[in-house]
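All of these numbers come straight from a predicted model, not from anything done at the bench.
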Amino acid sequence: MITVVGTGVSAPPADVLAGAGLVVGGRRHLDAAAVPASAERVVLGPLAPALDVVERHLDKGSRVVVLASGDPGFFGIVRVLAERFGAGALDVRPGVSSVAAAFARVGVPWDDAVVVSAHGRDLRTAVNVCRARGKVAVLTGPGAGPAELGAALASGGAERGGWAGAAASGLVAQFPAPLKRVLLVASALGTRDERVERVTLAEAAARDWGTAVSVVLCLDEGRVVGTARTVAGPSPAPSQWALEEGEFAHRDSMITKFEVRALALARLGPRLGDLVWDVGAGSGSVAVECARLGAAVVAVEKASDGVERIRANADAHGVDVQVVHGSAPDALAGLDDPDAVFVGGGGRELPGIVAACARRARRSVVVAMAALDRVPAVRTALTDAGFDCEGVQLQSSRLAPLPGDVTRLAATNPVFLLWGVRNPAYREGVAQ
């Protein structure tokens, strides 16, 4: 058996190391533990050599103890050990996870928190989760700590210089207000040097935090204590999408109809950790629906009254949508590259806007247009950017009452919906 002991927040029991032939762990765990003098010690660094040593000791019947931080089954070494040696070979004795300890230190319930790891992973997923959710725990790592997280969230752009750079260049008429987030940085949990500090995003970005950070809580302090829950974790996906037009404030029926929105959402595939652009957002109905499904969303709209409607609709549905007041494609310059883009509206500039979005999109672009004349140029813009393009013309007739308790069919205006999915073989101009 391999005994896996969670430590760090609480010390391991003294008897767990008795009779061990091999003890594996981080240097600080080994230094703090009563490792028998007869046991071999392996300081964790690269995993493969350590696992080979574990296997040799198991082959000769030696008892192996692995020391890990907190709960080793929570983004920890249990996964790797189970894959190599099988779950049946493990005796896991969890400690308190760093996430549980951090929330406990600040007295905040966390059954509705989202936990995301940035340790050895792309920071952009953690950034997008923090944009979309008001209670997030981020497990940090080298190059993905409080400074990097704070900088990305404060600027609005982790990759391309943020809103500030775009505003300074005159490309964006009105960039979004900063996210309503604070960071609670928990460092060296379970040690004599433990501390939990509340900082703004800008303050976090300006600090050198060293290597002792355990976890960062990114919170919208106005929403940290919610209603009692039955199921732990982030809010489940909404029970409805493609909402009726009446669920949104809009002007003169200038809104993506729910039949079109349903297919657009299916082709966009918004999910937690994604970043979606809604370009030419109008009322923001697509932006709001993507946010309800868990994505971080930026809505780009050139009309000032449209900007206010988007914000009002986002507030009404309880989601965060960052709004850029400006005209595409120039207003896109300071934004992070999106996973998916929805482009609405029309006009002669539409193919150019689609081309600009397609150069940046990682996964998909969906375009809705009323004019048949725009379809060939938009299709070309997608295929030239390396997308496999498909499309349909959507025309529906809704049931409508007539006097005399009878019903007629009321036709809606036809809409062309094109969508492109990035061809994996095409890489030019796309952030990897």
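A salt bridge links D52 and R84; the closest N-O separation between the charged side-chain nitrogens and carboxylate oxygens is under 4.0 Å. Ion pairing between E247 and R261 fails under the 4.0 Å rule for side-chain N and carboxylate O. Using a cut-off of 4.0 Å between Lys/Arg side-chain N and Asp/Glu carboxylate O, R131 and D274 are scored as not salt-bridged.
No side-chain heavy atom of V138 sits less than 4.5 Å from a side-chain heavy atom of L183. Looking at H317 and L243, their side chains come closer than 4.5 Å, going by heavy atoms from C-beta outward. Side-chain contact between N413 and K257: absent, with no pair of heavy atoms (C-beta onward) separated by less than 4.5 Å. Here the side chains of P109 and K135 are in contact, with some heavy-atom distance below 4.5 Å. In this structure, the side chains of V216 and L184 stay at 4.5 Å or more apart for every pair of heavy atoms. A 4.5 Å side-chain heavy-atom check between R271 and L293 finds every atom pair outside the cut-off.
Remark: R27 CZ is loosely packed, at most 12 non-hydrogen atoms of other residues, nucleotides or ligands lying under 6.0 Å away. Heavy atoms of other residues, nucleotides or ligands lying less than 6.0 angstrom from CZ of R379 number 12 at most. A 6.0 Å sphere centred on CE of M1 holds more than 12 heavy atoms belonging to other residues, nucleotides or ligands. Heavy-atom contacts from other residues, nucleotides or ligands closer than 6.0 Å to CD of Q240 number 12 or fewer. For D208, the CG atom counts as loosely surrounded, since its 6.0 Å shell holds 12 or fewer non-hydrogen atoms of other residues, nucleotides or ligands. For W209, the CH2 atom counts as densely surrounded, since its 6.0 Å shell holds more than 12 non-hydrogen atoms of other residues, nucleotides or ligands.
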* Asked: V341 and V276: side-chain contact (heavy atoms from CB on, under 4.5 Å), yes or no, with the steps?
  -> CA-CA 6 Å; V341 184; V276 178; over 6 Å; no
* To do: Applying side-chain contact (heavy atoms from CB on, under 4.5 Å), run through I353 and V343 and close with a yes or a no.
  => CA-CA 8 Å; I353 293 172; V343 184; 4.1 Å; yes
* Go through the steps to decide whether V300 and D278 satisfy the test side-chain contact (heavy atoms from CB on, under 4.5 Å), and finish with yes or no. => CA-CA 6 Å; V300 179; D278 182 0; over 6 Å; no
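For residues 196-207, the set of pairs meeting the side chain to side chain donor-acceptor pair (under 3.5 Å) definition, not counting sequence neighbours, comprises R195-E197, E197-R207, R198-E221, T200-E203.
Side-chain atoms of R422 come within 3.5 Å of backbone atoms of A358 as a donor-acceptor pair (strictly under, hydrogens ignored). For the pair S97 (side chain) and D71 (backbone), a donor-acceptor distance under 3.5 Å is absent. Looking only at distances, no side-chain donor or acceptor of H29 sits under 3.5 Å from a matching main-chain atom of T7. Listed for the D339 side chain is no donor-acceptor partner under 3.5 Å among the backbone atoms of R363. For E245 (side chain) and F258 (main-chain N/O), a donor-acceptor pair under 3.5 Å exists by modelled atom type.
The only option from R292, R181, R133, R311 that meets the salt bridge (charged side-chain N to carboxylate O under 4.0 Å, His left out) definition with D320 turns out to be R181.
To the nearest 0.5 Å, the span separating CG on N128 from SG on C130 amounts to 9.0 Å.
Across every non-hydrogen atom of R360 and L332, the tightest pair is NH1-O, 3.2 Å. The minimum heavy-atom distance between L123 and A118, with the atom names listed, is CD1-CB, 4.2 Å. Considering all non-hydrogen atoms of both residues, G282 and I310 come closest at O-CG1, 3.4 Å. Counting all heavy atoms, side chain and backbone alike, L265 lies closest to A242 at CD1-N, 4.0 Å. For the residue pair V42 and L30, the shortest heavy atom distance occurs at O-CD1, 3.7 Å.
In this structure, a donor-acceptor pair under 3.5 Å is present between the side chains of S69 and R28.
Between F74 and W110, the ring planes lie perpendicular to each other; the angle is over 60°, past the 30° to 60° tilted range.
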